[in-house]
Amino acid sequence: MLGTSGPTTHNILIPKESEKAKNTVNLSVSVQNTAELAPEVSNKLLQKYNKESSKEPLYMWAKVKNPYYVDNEVLTETCPLPGEIKEFSLNSDMHPEKEVNSTHKFQQISKAEKEHLNVIIIGHVDAGKSTIGGHLMVLTGQVDARTLAKYAADAKLIGRESWYLSWALDTNEEEREKGKTVEVGRAHFCTENKKFTILDAPGHNLYISQMISGVSQADIGILVISARRGEFEAGFERDGQTREHALLAKTAGVRFMVVLVNKMDDISVEWSSQRYNEILEKLVPFLKKFGYVNGRNAYFIPCSGLTGANLKDPLPEGFFPAYKGPSLLQFLDRMKPIPRQHNAPVRLPILDKYKDMGVIIAGKLDSGMIQLGKKYTLMPNKIVVEVQQIVIDEEEAEVAPSGCSLKLKIKGAEEDDVHPGHVLCESSHLCPAIEKFDAVVRFMNLEGGIVTSGYTCVLHCHALIENATLLKIIGKVDDKGELNKKHMFPKFARSDEMVMVRLQTDGRVCVETFKDFPSLGRITLRDEKRTVAIGKITKLVG
Ligand SMILES: Nc1nc2c(ncn2[C@@H]2O[C@H](COP(=O)(O)OP(=O)(O)OP(=O)(O)O)[C@@H](O)[C@H]2O)c(=O)[nH]1
């Protein structure tokens, strides 16, 4: 079929890892647009094609006949599994370059072919977030025994024996000495079918800004709750972080919450079914209020971060009758794939930047695909940069699919030109850089119970943090988000009231309306270390 005008067939073998390879299944999918494919497939296909062709990238000319996505949901059964062979019919008529290799076979399942998920571990101070993150690194073979032994010895030296596992994640000196996570730790691990970037957020109130930036990058939240007597109760108090973290996660667009009821081994708990059920009775309705519904977008798992129980291997049968489900890693591995916006314009909100033989920027690619050697524009300053290196999970790549956490080495900008909250964009589709916008927000925790125009606060949106002023309260809004014309331009807004407001930022910011780019249109307003409003941008003013 090579070089003919008929459809060209590409067989992609996504093999092994186990016996599945022997029982391969032939599935045929007609594809006209690889950008609509599961990322692990399109990424490989693109890399292979782009290496062989100096012409336009493959996804420029292909279009979808039978897309994987139905109503924006990925059909799990059509996603490639290890051992399956997928057949892609590509109509070479549509492309000037007809020399497309007919068969690509990939013998090894590599990290690049697995679905990439970003996970944030959140929860009250000392709930056990770092311990769990650290233990996950050990159980998935990311931290070797020698490094761990060194951490254990160092921890003992400063009298903090029990902290050694959390050091696998908390890598800076200050964090080690204080035992507090002060910046969002980053680590990677793989399960059989998926790869994860794990973000360990600081639990302490002082560091909530870092936590908001981290949470804006996450697909899945792991909310750690301590089952220890006294600690569980403290996490729920008015200023406990459980409440605030759950709210921020929902506002930032974290789709799914895995709730880990941790410290089940503790002397005050001893894997008591009664204690577990008592905790669930309070937690389930509590999380429902924030939009995390048990069995729909929330799932509860009992565990011990310290002993590792129920993190990798499920609990032994009969050990804990109150829970019969999968372990944490089993659950994460089996989760339904998350739909990604591969064929939308590139939007990479920048979380971090530094210099290392060139300027490096880091963040989660919100939409589009980034290609090595291609030029993009840094907003709001309109600086055109070339991508010189793409690093995903410490491995170099030629194409970065939407949804992955990555680092890019860029040419054309100095370190001082880039700041967290800036956005790398497709040069032909720049994101707006504005100072005024309208948003529908719900106020809460207001000092004195009300706000009026002139109120100043701090705006958080994706990785952006900027001072903002409330220019005016446009009107009250009903439950559907529609303006109530009878209540226009009120003098003040109360806590728990939904209103449309106009906000002005101190400098130009890269935001979008929620309708166009949800993750660039969700906002949180903070004042004096309290979250005072959450909402969505409805209109860009200028
Ligand atoms: N018994 C028991 N103790 C645990 C468990 N998980 C964590 N701990 C202990 O709880 C304390 C706090 O654990 P961390 O992992 O540092 O908690 P964190 O939530 O990351 O804390 P911050 O970074 O301060 O927010 C440490 O002394 C841990 O050893 C557990 O499953 N069982």
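In each ligand, atom 1 is the first atom listed, and ligand 1 is the first ligand listed. Nothing fancy with the numbering, it's 1 onward along the sequence. Quantities reported herein were computed from a predicted structural model and do not represent experimental measurements.
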Checklist entry - Judged by non-hydrogen atoms, does Gly123 sit under 4.0 Å from ligand 1? => result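 Heavy atoms of Gly123 never come under 4.0 Å of ligand 1.
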
Checklist entry - Judged by non-hydrogen atoms, does Arg228 sit under 4.0 Å from ligand 1? => result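 For ligand 1, residue contact (heavy atoms, under 4.0 Å) with Arg228 is present.
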
Item to check | Audit row: Asn310, Ser327, side chain to side chain contact (heavy atoms under 4.5 Å, CB included) steps and yes/no | outcome: CA-CA 5 Å; Asn310 217 14; Ser327 69; 3.6 Å; yes

Checklist entry - What do you reckon, does Met264 have a nitrogen or oxygen under 3.5 Å from a nitrogen or oxygen of ligand 1? => result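 N/O-N/O distance below 3.5 Å does not exist for this pair.
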
Item to check | For atom 30 (C) of ligand 1, the option (of His135, Lys263, Lys129) bearing the nearest heavy atom | outcome: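 Result: the heavy atom closest to atom 30 (C) of ligand 1 is in Lys263.
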
Next on the checklist: With a heavy-atom distance limit of 4.0 Å, tell me whether Leu306 approaches ligand 1 through its side chain, its backbone, both, or neither.
Outcome noted: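 Both backbone and side chain.
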
Next on the checklist: Could you check whether atom CD of Glu447 has more than 12 heavy atoms from other residues, nucleotides or ligands sitting under 6.0 Å from it?
Outcome noted: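 For Glu447, atom CD is not crowded (no more than 12 foreign heavy atoms under 6.0 Å).
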
Checklist entry - Which ligand 1 atoms, with their elements, are less than 4.0 angstrom from a heavy-atom of Val125? => result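 Matching atoms, with element in brackets: 24 (O), 25 (O).
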
Next on the checklist: Only heavy atoms of Asp265, strictly under 4.0 Å: list the atoms of ligand 1 that pass.
Outcome noted: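 Answer, ordered by atom number: 1 (N), 2 (C), 30 (C), 31 (O), 32 (N).
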
Checklist entry - Which of these, Lys336, Lys194, Lys364, sits in a salt bridge (charged side-chain N to carboxylate O under 4.0 Å, His left out) with Asp219? => result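 Among Lys336, Lys194, Lys364, the one meeting salt bridge (charged side-chain N to carboxylate O under 4.0 Å, His left out) with Asp219 is Lys364.
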
Next on the checklist: Testing the 3.5 Å rule here: is there a donor-acceptor pair between the side chains of Ser519 and Asp366?
Outcome noted: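 Side-chain D/A pair, Ser519 to Asp366: present.
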
Checklist entry - Between Arg275 and Glu233, does at least one N-O distance fall below 4.0 Å, as a salt bridge requires? => result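 A salt bridge links Arg275 with Glu233.
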
Checklist entry - Using 30° and 60° as the class limits, which term best fits the ring planes of Tyr276 and Tyr323: parallel, tilted or perpendicular? => result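 Rings of Tyr276 and Tyr323: perpendicular, as their planes differ by over 60°.
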
